[in-house]
Undergrad: 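Encoded as structure tokens, here's the structure I'll be asking about.
Naming: A, B, ... by sequence-line order, numbering from 1 per chain.
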2 protein chains.
Amino acid sequence: MTQIQSDTETKILDAAKKIFIQKGLEGARMQEIADEAKINKSLLHYYFRSKERLFSAVFKFAISRFIPKIERVFDSKIAISAKIELIVEQYISLLLKNQFVPIFILHEINRHPDRLVELMTSAGIKPKLIVSQIDEEIKKGNLKPISAQNLILNVISLCVFPFAARPLMQRLFFENNRKAFNDLMASRKKEVSEFIIRAIKA
Amino acid sequence: MTQIQSDTETKILDAAKKIFIQKGLEGARMQEIADEAKINKSLLHYYFRSKERLFSAVFKFAISRFIPKIERVFDSKIAISAKIELIVEQYISLLLKNQFVPIFILHEINRHPDRLVELMTSAGIKPKLIVSQIDEEIKKGNLKPISAQNLILNVISLCVFPFAARPLMQRLFFENNRKAFNDLMASRKKEVSEFIIRAIKA
DNA sequence: GTCTATATTGTGATAGAC
DNA sequence: GTCTATCACAATATAGAC
């Protein structure tokens, strides 16, 4: 049984993900992460040197998992409406399993926007490809004229925002019943695609 | 010239709004707020007793300014499409002037959802009124069948999310040019209304 | 009401035994 | 590699003079 990472390192990373993603960089305590990993506090420094570096590992993990998703779908050759359907379905499914990640990323990119620069260039994201693809479809008359940036923003907004605002929405609509909220999110996979398609089809 | 609040108290509150809204409860430093207000650190405690209480004042201000906006429009008697147009226009205008507030509120309601309970009940928000109003319009055949919760979520998502994700979007689309991003947001007032109307009109 | 000085606690980080 | 003990400093909060 070869092990790529030491068991302890994995335990630390898992614990750090849980705590940092829920509480943010400043809100998290090293002691809390150690407790969650059921190891000693000083081991955190042995493996990751500093809080900053441990956080950085968690942030990279979260970003890598959520940002590139859209690119891959847009590289395929299917029709634009099918692409949107796919993106919405995949994204909401992913979010249902990682409910705290959106607000974590949003908060951290607002606090430390500089962290994004290196990550995005190294990830090789090229939004201009998507933009030109949408413009193409409009020219062909398959889509209502809409700025590509607005359309992309709309798709992401409709998928991500409800999870970022979950505590509020869950209370507004469902007396804080989590299952009811999740059911609504599941129903959104279909509803959001249809909503968007109706809005953009020529 | 009668003064409702002492000049110092106002200065502190203004400084606290600026710092807390940008950095969050844990990210903000009392010293920083004092510097911003150009007063001594201990005066913060003299006027507000603790960091927690000072933060609470800022949070209440932010919530009261952003949450009730929707209610008032829905109380009026105009057609649903006009209502949506009004809400979108007002909300995006408000957000353009308060760009840091969305992520501040979203982060804090995730960190401390309990803070919301008292605030929402005291604000007297009744989402069920809006829900029944939308259901009514669907029954009359003016709207495509859509769950009212999903429609409300869509409207709020399309308005608020871009501001919460501003650092990312500004870099993705505009090489970090703030004015270009703000111009896109201004254009969204019209584009988002039209997008929604096309998606829901029967 | 406003300041300086200080108390008190919390927290990231390190030293050193095993 | 893992632990205990401890350091160093940052940050909230308070005491007390003016």
Undergrad: Check the orientation of Y91(A) and F66(A). Use parallel for under 30°, tilted for 30 to 60°, and perpendicular for over 60°.
TA: perpendicular
Undergrad: When the side chains of residues 11-24 of chain A are checked against the rest of the protein, which donor-acceptor pairs come out under 3.5 Å, sequence neighbours left out?
TA:
| from | atom 1 | to | atom 2 | distance (Å) |
| --- | --- | --- | --- | --- |
| K18(A) | NZ | E36(A) | OE2 | 3.2 |
| K23(A) | NZ | E32(A) | OE2 | 2.6 |

Undergrad: Specify the separation, in whole Å, of atom CG of D7(A) and atom P of dG1(D).
TA: 12 Å
Undergrad: If you draw the axis of the six-membered ring of Y47(B), does the NZ or CZ of R53(B) fall within 45° of it and under 6.0 Å from the ring centre?
TA: no
Undergrad: Round to a whole Å and report the spacing from CG of L44(B) to P of dG1(C).
TA: 15 Å
Undergrad: More than 12 heavy atoms of other residues, nucleotides or ligands under 6.0 Å from CZ of R178(B): yes or no?
TA: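 Above 12, so yes.
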Undergrad: Determine, for nucleotides 3-18 of chain D in 5'-to-3' order, which nucleotides have protein heavy atoms under 4.0 Å from the base (write B), from only the sugar-phosphate (write S), or from neither (write -).
TA: BB------SBBB----
Undergrad: Drop me the distance from E85(A)'s CD to E194(A)'s CD, to the nearest 0.5 angstrom.
TA: 8.0 Å
